[in-house]
Engineer: 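To start, I am sharing the structure in question, which I have written as structure tokens.
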Amino acid sequence: EGDNCVFDGMIYRNGETFQPSCKYQCTCRDGQIGCLPRCNLDLLLPGPDCPFPRKVEVPGECCEKWICDPKDEVILGAYRQEATLGIDVSDSSANCIEQTTEWSACSKSCGMGFSTRVTNRNQQCEMVKQTRLCMIRPCENEDPSDKKGKKCIRTKKSLKAVRFEYKNCTSVQTYKPRYCGLCSDGRCCTPHNTKTIQVEFHCPQGKVLKKPMMLINTCVCHNNCPQSNNAF
């Protein structure tokens, strides 16, 4: 029972597993195709040590490897994956295997920062970088020493409605965001479950700016602290 799947001109039965290329293993589930990459290749986001990562093909091997380019090249090329499985560009929207990374950690441990992810969730099936604003906690002096033992303040909601500020712009609406607290036992407290909303900002000279922004649902204490981050 269940509908068949059609992929690149081939018909696959419900429950059938197939490999459209050496890089993917796919399964037909009631008319829908789900695929997993067979290449264990974590997406390399740009960083100080490797500002321009690029994937290269290795002769005789199916899976590509990352190399670091010292020169400023077209950044979009760094995120382009073999998502269309070698078919024509005109068919890319129909045969696109969706790939989206997790959001990176917020660039700042307090105050307004940003996080990034890479996705091909678009009509062109192109890997592009997305950015969203984020605020883990306000930059205020907080002292968790009054907490006894190893109790941690994981998630706390703002008691008063606030307006977000970004580049001299102020959010039109007010919000009561949740922030991450502090862990009194030396661990780091970072967002665990988040969502993204569109925030409208009013800027000088009457300009209006819309930006995606992270809202925190829950935080968690852990030992995997960002390196050289004294704020934690």
Side-chain angles (χ1 to χ4, degrees), residues 1-47 50 52-69 73-105 114-134 191-199 210-218 220 224:
E1 294 183 9
D3 292 336
N4 292 335
C5 304
V6 179
F7 185 89
D8 200 19
M10 298 287 290
I11 298 176
Y12 299 95
R13 296 186 306 277
N14 178 42
E16 184 176 354
T17 298
F18 60 99
Q19 289 183 11
S21 83
C22 63
K23 297 178 183 179
Y24 296 96
Q25 180 160 313
C26 304
T27 304
C28 173
R29 287 271 183 259
D30 195 20
Q32 302 293 318
I33 296 174
C35 300
L36 289 173
R38 301 182 71 237
C39 295
N40 186 16
L41 193 66
D42 292 329
L43 199 61
L44 187 63
L45 291 172
C50 185
F52 303 105
R54 182 168 60 91
K55 277 202 308 185
V56 295
E57 291 187 0
V58 181
E61 293 186 23
C62 171
C63 299
E64 296 163 309
K65 291 185 179 178
W66 285 105
I67 62 168
C68 291
D69 277 347
E73 296 190 0
V74 179
I75 291 182
L76 277 183
Y79 308 117
R80 190 186 307 275
Q81 292 197 355
E82 202 64 41
T84 55
L85 308 179
I87 57 175
D88 292 338
V89 176
S90 58
D91 297 327
S92 63
S93 59
N95 287 317
C96 181
I97 296 173
E98 187 177 301
Q99 299 172 90
T100 303
T101 66
E102 295 292 331
W103 286 103
S104 68
F114 65 90
S115 64
T116 59
R117 72 176 180 181
V118 182
T119 182
N120 65 348
R121 194 182 296 167
N122 52 61
Q123 260 193 321
Q124 292 75 33
C125 194
E126 291 283 338
M127 295 301 276
V128 296
K129 185 163 76 167
Q130 294 180 334
T131 302
R132 70 175 178 178
L133 302 175
C134 51
H192 175 63
N193 183 275
T194 68
K195 64 181 179 181
T196 305
I197 63 167
Q198 288 288 333
V199 177
K210 285 188 178 179
K211 285 282 184 182
M213 183 169 179
M214 174 191 79
L215 282 191
I216 296 172
N217 291 326
T218 59
V220 67
N224 186 23

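It should be emphasised that the depicted structure is a prediction, and the values quoted were computed from it without experimental measurement.
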Engineer: To check you understand the geometry: which heavy-atom pair defines the closest contact between R13 and N4, and what is its length?
Structural biologist: CA-OD1, 3.4 Å

Engineer: Which word best sums up how the rings of Y12 and F18 line up, parallel for under 30°, tilted for 30 to 60°, or perpendicular for over 60°?
Structural biologist: parallel

Engineer: Hey, does the side chain of T101 reach the backbone of V118 with a donor-acceptor pair shorter than 3.5 angstrom?
Structural biologist: yes

Engineer: Hey, what do you get for CD (Q198) to NZ (K211), rounding to the nearest 0.5 Å?
Structural biologist: 10.0 Å

Engineer: Can you confirm whether F7 sits close enough to P20 that some side-chain heavy atom of one is under 4.5 Å from a side-chain heavy atom of the other?
Structural biologist: yes

Engineer: So does T119 get a backbone contact from the side chain of T100, meaning a donor-acceptor N/O pair under 3.5 Å?
Structural biologist: no

Engineer: Quick one: are K23 and R38 in side-chain contact, heavy atoms under 4.5 Å?
Structural biologist: no

Engineer: May I ask you to test the V128-N122 pair for a side-chain heavy-atom distance under 4.5 Å?
Structural biologist: yes

Engineer: Starting at OG1 of T194, measure out to CG of L215 and round the result to the nearest 0.5 Å.
Structural biologist: 8.5 Å

Engineer: Measure the spacing between SG of C96 and CD of E126 and express it to the nearest 0.5 Å.
Structural biologist: 9.0 Å

Engineer: When you compare the side chain of W103 with that of R132, does any pair of heavy atoms fall below 4.5 Å?
Structural biologist: yes

Engineer: Measure the CD1-NZ distance between I216 and K195 for me, rounded to the nearest 0.5 Å.
Structural biologist: 12.0 Å

Engineer: Does N120 reach the side chain of E98, with side-chain heavy atoms less than 4.5 Å apart?
Structural biologist: yes

Engineer: Side-chain donor-acceptor contacts of residues 28-36 below 3.5 Å, not counting sequence neighbours, with atom names and distances?
Structural biologist:
unit_1	atom_1	unit_2	atom_2	d
D30	OD1	D3	N	2.8

Engineer: Between atom CE of M213 and atom SG of C134, what is the distance when rounded to the nearest 0.5 Å?
Structural biologist: 7.5 Å

Engineer: Between atom CD of E16 and atom CE of M10, what is the distance when rounded to the nearest 0.5 Å?
Structural biologist: 8.5 Å

Engineer: Looking at every non-hydrogen atom in both residues, tell me the closest pair between Q25 and Q19 and how far apart they are.
Structural biologist: OE1-NE2, 3.4 Å

